[in-house]
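To start, the structure itself, in structure tokens.
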Amino acid sequence: MSTVASALSAPVSNTIVDSRFEKTSSDTHLQLITNKLYKVVSKLESLNEELEERVKNRTAELNRVNLALQEEIDRRCAAEEELMLSNIALSEQAWRDSLTQLYNRRFLGDALKREIARAERNGTSFAILLADIDNFKLVNDTCGHAGGDILLQAIGACLLTLFRGGDIVCRYGGEEFVILMPYVSTTIALKRAEQLLDCVRQMEMPHEIREIGIVTLSIGAAVFPDHARNQDDLLRAADSAMYSAKNSGKNRVT
């Protein structure tokens, strides 16, 4: 019986040992796989952190470059704007009378050319007033040339106050002023000239020249195309009318 029992028990023991061995081998294999996966995951995480750091640094660098580029663009835009304003200022100085800051004779010539072309194209009219300060030599003799300059500036300010934005007010030379008024007829031109006479007569004189008393103007009016059909003839017509006003007693419009 013992021999049989021993024979029967032997296979069972081997089976148990083999099963334990297989389990241990499988666990070891899984552990190896797990360790490898862990190492791979760790490496991937490390690479991801490194990549994120590079992206962060690259983004920061790009931001610095973009900021520097925007600052350079802003600087250049500011420089271009400053240059443009300087050019505008220089252009304005070229077209302005330095004493009164009204437009000068050169500007008037170009403005008349443009206005004549527009009036011919549209079949409209425009007027010019040529105003001369009466007895201006007496002002210079009484108050000096500095007093004459003060009077010219005061009348220039009066002109700018009286005439509308679309009108062109110029110092023609010496004590003469020309006002170009688009889309104005003879009747309206004479009315505006009378308003100018009143404006100057009622003008409050600066204290430096109050001793000269009331200042008056002699004004000649001419209308395109009624009185002339070109620039030179129109100015001559206004000039002739102005002298007619002076010869008729001054302080009036013709």
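- Considering only residues two or more places apart in sequence or on other chains, Glu204 meets the salt bridge (charged side-chain N to carboxylate O under 4.0 Å, His left out) condition with Arg210.
- Considering every non-hydrogen atom in both Pro225 and Thr124, the closest pair reads CD-O, 4.3 Å.
- The hydrophobic cluster around Val55 extends to Leu51, counting ILVMFWY residues whose side-chain heavy atoms fall within less than 4.5 Å of a member.
- Scanning for ring pair (Phe, Tyr, Trp, His ring centres under 6.0 Å) contacts around Phe126 gives Phe224, with sequence neighbours left out.
- Within 6.0 Å of the CZ atom in Arg164, the count of heavy atoms belonging to other residues, nucleotides or ligands exceeds 12.
- In terms of the side chain to side chain donor-acceptor pair (under 3.5 Å) criterion, Ser185 has no residue partners (sequence neighbours excluded).
- The two residues Ile179 and Leu159 make their nearest non-hydrogen contact at CD1-CD2, 4.0 Å.
- Comment: Glu50 engages Arg54 in a salt bridge, judged by a side-chain N to carboxylate O separation of less than 4.0 angstrom.
- The minimum heavy-atom distance between Ile128 and Val178, with the atom names listed, is CB-CG1, 4.4 Å.
- Smallest separation of non-hydrogen atoms from Val215 and Val200: O-CG1, 3.5 Å.
- With no hydrogens or angles considered, a side-chain donor-acceptor pair links Gln31 and Asn35 at under 3.5 Å.
- With a 4.5 Å cut-off on side-chain heavy atoms, Glu175 and Ile155 do not count as touching.
- Nearest heavy atoms, Met203 versus Cys158: SD-CB, 4.0 Å.
- With respect to the salt-bridge test (charged N to carboxylate O, under 4.0 angstrom), the residues Glu52 and Lys56 do not qualify.
- Within the 4.5 Å cutoff, no side-chain heavy atoms of Tyr243 are placed close to those of Asp132.
- Under the salt bridge (charged side-chain N to carboxylate O under 4.0 Å, His left out) criterion, Arg118 pairs with Glu115, sequence neighbours left out.
- Hydrophobic cluster membership for Leu69: Ile73 (Ile, Leu, Val, Met, Phe, Trp, Tyr linked by side-chain heavy atoms under 4.5 Å, directly or transitively).
- Between Phe136 and Leu152, some side-chain heavy-atom pair lies under the 4.5 Å cut-off.
- Using modelled atom types, one finds a donor on one side chain and an acceptor on the other under 3.5 Å when comparing Gln70 with Asp74.
- Dense packing is recorded around CG of Leu160, with more than 12 heavy atoms of other residues, nucleotides or ligands lying under 6.0 Å away.
- For the side-chain contact (heavy atoms from CB on, under 4.5 Å) with Leu129, the lone residue among Val184, Asp167, Ile219 that qualifies is Ile219.
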